[in-house]
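The structure appears right after this line, and notes come after that.
Keep in mind that this is a model prediction, so the values were computed, not measured. Every number for a ligand or one of its atoms is a count from 1 in the order of the listing.
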Amino acid sequence: MATLLRRAARVSFSGSLLSAGSRHGRVHALSYFGSNNRNSSTSSKIKVDLDSSSGIAVVKFQGPPVNSMGVDFLTEMAISLDKLELDKNCRGIILTSAVPKIFSAGLDIMDMYEKTPEHYEQFWRGVQDLWLKLYSSSKIMIAAINGASPAGGCLMALTCDYRILADNPRYKIGLNEAQLGIVAPFWFKDSMVNTVGYRITEESIQFGVMYSPADALKIGLVDQVVPEDKVFSTATETMEKWFDIPDHARQISKSMMRKPTIDRMLANREDDIKNFVGFISKDSIQKSLGMYMAMLKMKKG
Ligand code: CO8
């Protein structure tokens with residue numbers, strides 16, 4: 001476990017538009033992409049399918065039961081994104097889920113419960129790293145949200161350039177951390193503010209609101225709500241439209257919009273880790289998380 005976490009943290013934050021020249025970590029050479037037009041790779045939690053002729057890569061979460069973002073998920077996502085970032089055949093990435101009814105349940109609560117401070121530190125570094133890779137990607141990122149998307153699941157969607165949500169009232173989306181007795185960190189909040197604005201975020205993160213598709217569309221948390229069987233086709237059609245824009249102009253525009261948010265996170269990264277470790281280690285917070293997990297299990301029975 002500790003080795004995996006260290007590996008996740010070591011995977012470089014490089015190749016992305018915004019980090020060019022600023023970081024020189026090692027990029028793991030992955031041999032799992034083939035050389036023909038359709039290149040696939042499957043690790044245990046993530047499946048990547050790159051169609052070199054269209055330039056679209058599909059990154060599918062496949063970690064049942066709920067695609068929770070634990071150590072393996074974070075590591076595999078980081079490696080896959082690094083690989084795609086450097087691949088000139090890839091112009092756009094669609095994030096979606098292979099698990100029915102779930103996009104992602106967010107961070108794996110078990111990684112925040114009854115672990116050591118060292119574990120919390122490395123876990124949090126992995127979470128930060130994934131956000132940095134997603135938010136600073138030079139590729140066109142589209143979220144094809146085909147299931148529930150609380151907390152970290154919503155955060156992954158928020159890092160994308162465009163969000164399409166399936167029209168199913170059970171597929172709620174939002175930053176619900178407050179409901180667990182924890183606090184959405186500043187860069188979760190910044191991602192939300194940058195998408196829906198200050199006032200809505202202020203209310204949203206205090207209440208930990210989970211929005212129905214109709215409400216998510218109304219506040220601009222998603223860009224489109226479509227029938228469930230059209231989510232993926234809408235994502236590919238949307239990607240084609242984005243492909244009409246010359247890459248360099250789109251990338252520089254994206255960088256201009258996102259750089260201040262990324263710089264703020266990088267400048268406060270170590271403090272954020274300290275805050276997280278201190279906060280999550282508190283007895284009262286551990287108790288809240290324990291009760292929340294018990295509540296999730298009770299809901300079943
Ligand atoms: N982590 C770990 N396990 C989870 C998680 C999770 N996030 N979510 C669900 N599970 C487990 C359940 O406990 C259950 O386990 P078991 O089978 O052993 O009983 C199993 O997954 C299946 O869950 P459900 O039966 O609830 O599945 P449903 O299909 O009925 O519902 C949902 C799926 C809607 C995703 C539901 O499980 C749910 O609401 N989960 C909780 C989601 C959540 O609240 N996530 C927040 C995570 S925290 C986060 O992402 C940001 C943290 C920022 C920290 C900042 C601190 C300073």
Side-chain angles (χ1 to χ4, degrees), residues 1 45 61-74 77 97-115 117 119-131 134 145-159 165-166 168-192 201 204-213 216 265 268-301:
M1 170 76 79
K45 308 281 183 191
F61 314 144
Q62 49 171 28
V66 292
N67 287 331
S68 62
M69 301 159 70
V71 174
D72 292 350
F73 184 101
L74 297 171
M77 275 293 281
S97 167
V99 174
K101 302 184 177 57
I102 309 284
F103 182 67
S104 166
L107 300 189
D108 194 319
I109 297 169
M110 297 318 290
D111 275 303
M112 299 186 284
Y113 188 60
E114 292 185 340
K115 299 286 185 296
H119 179 96
Y120 295 143
E121 180 184 333
Q122 288 175 5
F123 175 66
W124 199 244
R125 209 175 275 286
V127 179
Q128 290 178 332
D129 219 46
L130 177 59
W131 179 85
L134 288 168
I145 311 165
N146 50 351
S149 191
C154 175
L155 182 74
M156 284 197 288
L158 284 170
T159 64
L165 174 58
N168 181 330
R170 293 185 57 187
Y171 296 173
K172 299 226 162 94
I173 181 166
L175 295 181
N176 68 330
E177 283 79 357
Q179 289 186 22
L180 285 71
I182 55 180
V183 180
F186 72 90
W187 39 287
F188 282 47
K189 179 266 295 172
D190 286 349
S191 306
M192 184 86 166
T201 304
S204 175
I205 64 168
Q206 287 188 67
F207 281 96
V209 183
M210 290 293 293
Y211 295 93
S212 66
M265 144 58 121
N268 294 288
R269 190 172 183 177
E270 297 306 318
D271 283 347
D272 181 57
I273 292 173
K274 272 190 211 129
N275 282 344
F276 173 76
V277 175
F279 183 80
I280 213 76
S281 304
K282 282 187 181 149
D283 286 347
S284 57
I285 303 304
Q286 286 292 304
K287 207 168 150 200
S288 286
L289 287 178
M291 280 162 53
Y292 188 73
M293 285 305 286
M295 185 274 290
L296 279 179
K297 291 192 190 305
M298 254 169 59
K299 175 183 73 118
K300 266 182 151 178

Where ligand 1 meets I182 - atom numbers and elements under 4.0 angstrom, heavy-atom basis: 52 (C), 54 (C)
Ligand-side contact atoms (ligand 1) for residue partner P150, heavy atom cut-off under 4.0 Å: 42 (C)
Within-cut-off N or O pair, W124 and ligand 1, under 3.5 Å: no
Those atoms of ligand 1 less than 4.0 Å from some heavy atom in G106: 50 (O)
Interatomic spacing from CG in L107 to CZ in F123 - rounded to 0.5 Å: 4.5 Å
Close-contact set for ligand 1 against F276 heavy atoms, below 4.0 Å: 56 (C), 57 (C)
M112 and ligand 1 - part of the residue with a heavy-atom distance under 4.0 Å: side chain
N/O separation below 3.5 Å, I102 to ligand 1: no
Side chain, backbone, both or neither: the part of N275 lying under 4.0 Å from ligand 1 by heavy atom: neither
side-chain contact (heavy atoms from CB on, under 4.5 Å) between L74 and V127, worked out: CA-CA 7 Å; L74 297 171; V127 179; 3.9 Å; yes
Polar atom proximity, E177 to ligand 1 (N or O, under 3.5 Å): no
Ligand-side contact atoms (ligand 1) for residue partner P65, heavy atom cut-off under 4.0 Å: 20 (C), 21 (O)
Gap separating the CG atom of L175 from the NZ atom of K189, nearest 0.5 angstrom: 11.5 Å
Nitrogen or oxygen atoms of I109 and ligand 1 under 3.5 Å apart: yes
Per-atom contacts of ligand 1 with G152, taking only distances under 4.0 Å to non-hydrogen atoms: 49 (C), 50 (O)
Side-chain donor-acceptor pair present, S68, D108, cut-off under 3.5 Å: yes
Selected option - heavy-atom contact closest to atom 2 (C) of ligand 1, from N67, V66, D108: D108
Nitrogen or oxygen of S68 less than 3.5 angstrom from that of ligand 1: no
Geometric class of the W124/F188 ring pair [parallel <30°, tilted 30-60°, perpendicular >60°]: parallel
Under 4.0 Å to a heavy atom of V183 - the qualifying atoms of ligand 1, by number: 55 (C), 56 (C), 57 (C)
F279 neighbourhood, listing ligand 1 atoms whose heavy-atom distance to it stays under 4.0 Å: 57 (C)
Shortest heavy-atom approach to atom 43 (C) of ligand 1 - which of G174, A105, A151, P100: A105
side-chain contact (heavy atoms from CB on, under 4.5 Å) between E270 and R125, intermediate numbers included: CA-CA 9 Å; E270 297 306 318; R125 209 175 275 286; 2.9 Å; yes
Nearest-0.5 Å distance, CD1 of residue I102 to OH of residue Y171: 8.0 Å
Region of L107 engaging ligand 1 - heavy atom pairs below 4.0 Å: both
Ligand 1-proximal atoms of N176, by part, heavy-atom distance under 4.0 Å: side chain
